[in-house]
Amino acid sequence: MHVFITGGTGTIGSAVISELLGHGHTVLALARSDDSARALQEAGAETLRGQLADLDVLRTGVARTDGVISLAFGRDYSSADALAHSITEESTALTTLGEALVGSGRPIVAVSGTPWVPGRASTEADPVPTDGPVGARGRTVLALLELAARGVRSSTVRMPRTVHNQGRGGFAGLLTDQARRDGVSGYPGDGTQRWPAVHALDAAVLFRLALESAPAGTEWQAVADEGDAVRDIAAVIGRRLGLPVESVPEQTYGPFGSIFAMDQPASSAHTREALGWQPVHPSLLEDLENLEP
Ligand SMILES: NC(=O)c1ccc[n+]([C@@H]2O[C@H](COP(=O)([O-])OP(=O)(O)OC[C@H]3O[C@@H](n4cnc5c(N)ncnc54)[C@H](OP(=O)(O)O)[C@@H]3O)[C@@H](O)[C@H]2O)c1
């Protein structure tokens, strides 16, 4: 399949490109800068210059390919306004990509997040949240999944809080960045809340499987570790960086504070069973051992 991908330079996207190329697919990747275009070409992708807000470029990407994987999302998490801007930009882009595929029967795989359910690990059958700080992302992917009724083989791959590679990425990566800034490896609350995780190379396999075979309108969970206590994550970060480990106020983490404080383990039993996905790469706690001071 010739696959149009957005976010191909990211932690997940770079792994997805290599996974696709390694399994006989070819890639057309959205590139918004010279640096990104160079990295994508070195990875073996053809590039299409433009950014998420260039809706005609997105339509061109769809017209030139057999399927789409959508991963791009703004990297500025510093304020509620910046996060809201990224969410709106992603929503408009996904709506455009989905509409361009109507009636084609072709696949689009969008990234989503694992939901949280009080007291137990969430499953693929639990709905994504449509309110709260990132609820608009949930509403956008639900609209995409509804395109299954209009001839689009849409599916979503729900990411756990942390998608990591070489100890970097995701919520654990944000904890690491904050620890480097503050000189303390912090965690909100008592640190017993659990976050799920997956290695980017394992997540990439699931994106390929969903692209190749997920039925229209289905949702999958890319979860390798059901839930590590955040205190345990902070402990490895603190030891690797040589910093003290302690509880800090939720507000330390800006717009993510309330999400960071929640217990949100997740399961992937149905995904493993139905798509034959089997994660094989290091767990988060193992991978964090790659951090350097
Ligand atoms: N990593 C995680 O733990 C995690 C967890 C849950 C969900 N997710 C979701 O998974 C997706 C990918 O995550 P990631 O960690 O791989 O992302 P990342 O490393 O932060 O990379 C973001 C990607 O999006 C591209 N991008 C951002 N804004 C863009 C714009 N306006 N136009 C075009 N491209 C744009 C970037 O391109 P440049 O290289 O040009 O900047 C880059 O390729 C995101 O939607 C993220 O929210 C990730």
Side-chain angles (χ1 to χ4, degrees), residues 4-19 27 29-43 45 47-55 57-58 61 69-78 82-83 85-94 96-97 109-116 122 128-129 133-134 136-138 140-141 144 156-177 195-204 206-207 210 220-225 228 233 255-256 259-260 264 266 284 287-288:
F4 181 44
I5 180 166
T6 73
T9 56
T11 306
I12 303 171
S14 52
V16 170
I17 289 181
S18 137
E19 173 70 19
V27 173
L30 185 70
R32 62 170 167 170
S33 70
D34 289 345
D35 283 352
S36 297
R38 204 172 304 115
L40 291 162
Q41 283 157 12
E42 279 169 12
T47 52
L48 181 63
R49 284 306 293 264
Q51 53 183 336
L52 274 186
D54 297 330
L55 304 183
V57 175
L58 300 184
I69 294 181
S70 163
L71 285 162
F73 192 77
R75 283 196 170 105
D76 183 356
Y77 298 115
S78 62
L83 185 60
H85 172 80
S86 298
I87 289 174
T88 303
E89 186 178 60
E90 178 194 51
S91 173
T92 308
L94 264 183
T96 302
L97 291 166
V109 187
V111 68
S112 181
T114 53
W116 48 90
S122 71
V128 288
V134 292
R137 292 191 83 179
T140 298
V141 294
L144 187 78
T156 68
V157 176
R158 296 169 173 180
M159 292 294 126
R161 303 289 83 83
T162 297
V163 184
H164 54 96
N165 198 348
Q166 290 299 308
R168 292 190 294 273
F171 275 18
L174 296 178
L175 284 188
T176 305
D177 294 346
W195 293 353
V198 69
H199 197 288
L201 297 177
D202 286 320
L206 185 51
F207 275 96
W220 308 96
Q221 299 209 152
V223 174
D225 314 339
D228 295 309
I233 298 172
F256 285 108
I259 305 176
F260 273 26
Q264 41 198 300
L284 173 62
D287 200 17
L288 285 171

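Each residue takes its place number in the sequence, starting with 1. First listed ligand is number 1; within each ligand, the first listed atom is number 1.
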For [atom], the protein heavy atom that lies nearest, with its residue and separation:
{"atom": "atom 40 (O) of ligand 1", "result": "Ser36 OG, 2.7 Å"}
{"atom": "atom 37 (O) of ligand 1", "result": "Thr9 OG1, 3.4 Å"}
{"atom": "atom 33 (C) of ligand 1", "result": "Leu52 N, 3.6 Å"}
{"atom": "atom 11 (C) of ligand 1", "result": "Leu71 O, 3.1 Å"}
{"atom": "atom 31 (N) of ligand 1", "result": "Glu89 OE1, 3.2 Å"}
{"atom": "atom 9 (C) of ligand 1", "result": "Val111 CG2, 3.8 Å"}
{"atom": "atom 23 (C) of ligand 1", "result": "Gly7 CA, 3.7 Å"}
{"atom": "atom 3 (O) of ligand 1", "result": "Val163 N, 2.6 Å"}

Between [X] and [Y] (side chain of the first, backbone of the second, donor and acceptor by atom type, cut-off under 3.5 Å), is there such a pair?
{"X": "Ser18", "Y": "Ser14", "result": "no"}
{"X": "Ser91", "Y": "Ile87", "result": "no"}
{"X": "Thr162", "Y": "Ala172", "result": "yes"}
{"X": "Asp225", "Y": "Pro196", "result": "no"}
{"X": "Arg158", "Y": "Ser112", "result": "no"}
{"X": "Thr6", "Y": "Leu30", "result": "no"}

Margin query: Please determine whether side chain to side chain contact (heavy atoms under 4.5 Å, CB included) holds for the pair Val111 and Phe73, giving the CA-CA distance in whole Å, both sets of side-chain angles, and the decisive distance to 0.1 Å.
Written below: CA-CA 10 Å; Val111 68; Phe73 192 77; over 6 Å; no
Can you figure out which of [options] has its heavy atom closest to [atom]?
{"atom": "atom 45 (O) of ligand 1", "options": "Arg75, Arg137, Gln51", "answer": "Arg137"}
{"atom": "atom 5 (C) of ligand 1", "options": "Ala39, Ala197, Pro160", "answer": "Pro160"}
{"atom": "atom 19 (O) of ligand 1", "options": "Leu58, Thr11, Val198, Leu284", "answer": "Thr11"}
{"atom": "atom 28 (N) of ligand 1", "options": "Arg161, Arg32, His85", "answer": "Arg32"}

I'd like to check which ligand 1 atoms, numbered from 1 as shown, lie under 4.0 Å from a non-hydrogen atom of [X].
{"X": "Gly170", "value": "1 (N), 2 (C), 3 (O)"}
{"X": "Ala72", "value": "24 (O), 25 (C), 26 (N), 34 (N), 35 (C)"}
{"X": "Thr162", "value": "3 (O)"}

- Query: With a 4.5 Å limit on heavy-atom distance, are the side chains of Val198 and Val163 in contact?
  - Reply: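 Yes, side chains in contact.
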When only distance counts, is [X] in polar contact with ligand 1, meaning an N/O pair under 3.5 Å?
{"X": "Gly50", "result": "no"}
{"X": "Met159", "result": "no"}
{"X": "Ile12", "result": "yes"}

* **Proximity flag Gly74 to ligand 1, non-hydrogen atoms under 4.0 Å** =>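 Within the 4.0 Å threshold, so yes.
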Between Gln264 and Thr114, do the side chains contain an N or O donor and an N or O acceptor separated by less than 3.5 Å?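 There is no such pair (donor and acceptor under 3.5 Å, judged by atom type) between the side chains of Gln264 and Thr114.
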Subject >> salt bridge (Lys or Arg N to Asp or Glu O under 4.0 Å) partners of Asp35, counting only residues at least two apart >> reply: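 In terms of salt bridge (Lys or Arg N to Asp or Glu O under 4.0 Å), with neighbours along the sequence ignored, Asp35 is linked to Arg38.
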Restricting to side chain to side chain donor-acceptor pair (under 3.5 Å), what partner residues turn up for Ser33, sequence neighbours left out?
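With sequence neighbours excluded, Ser33 shows a side chain to side chain donor-acceptor pair (under 3.5 Å) to Ser36, given in chain and number order.
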- request: Please report the closest heavy-atom contact between Val128 and Gly113, naming both atoms and the distance.
  value: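 That would be CG1-O, 3.6 Å.
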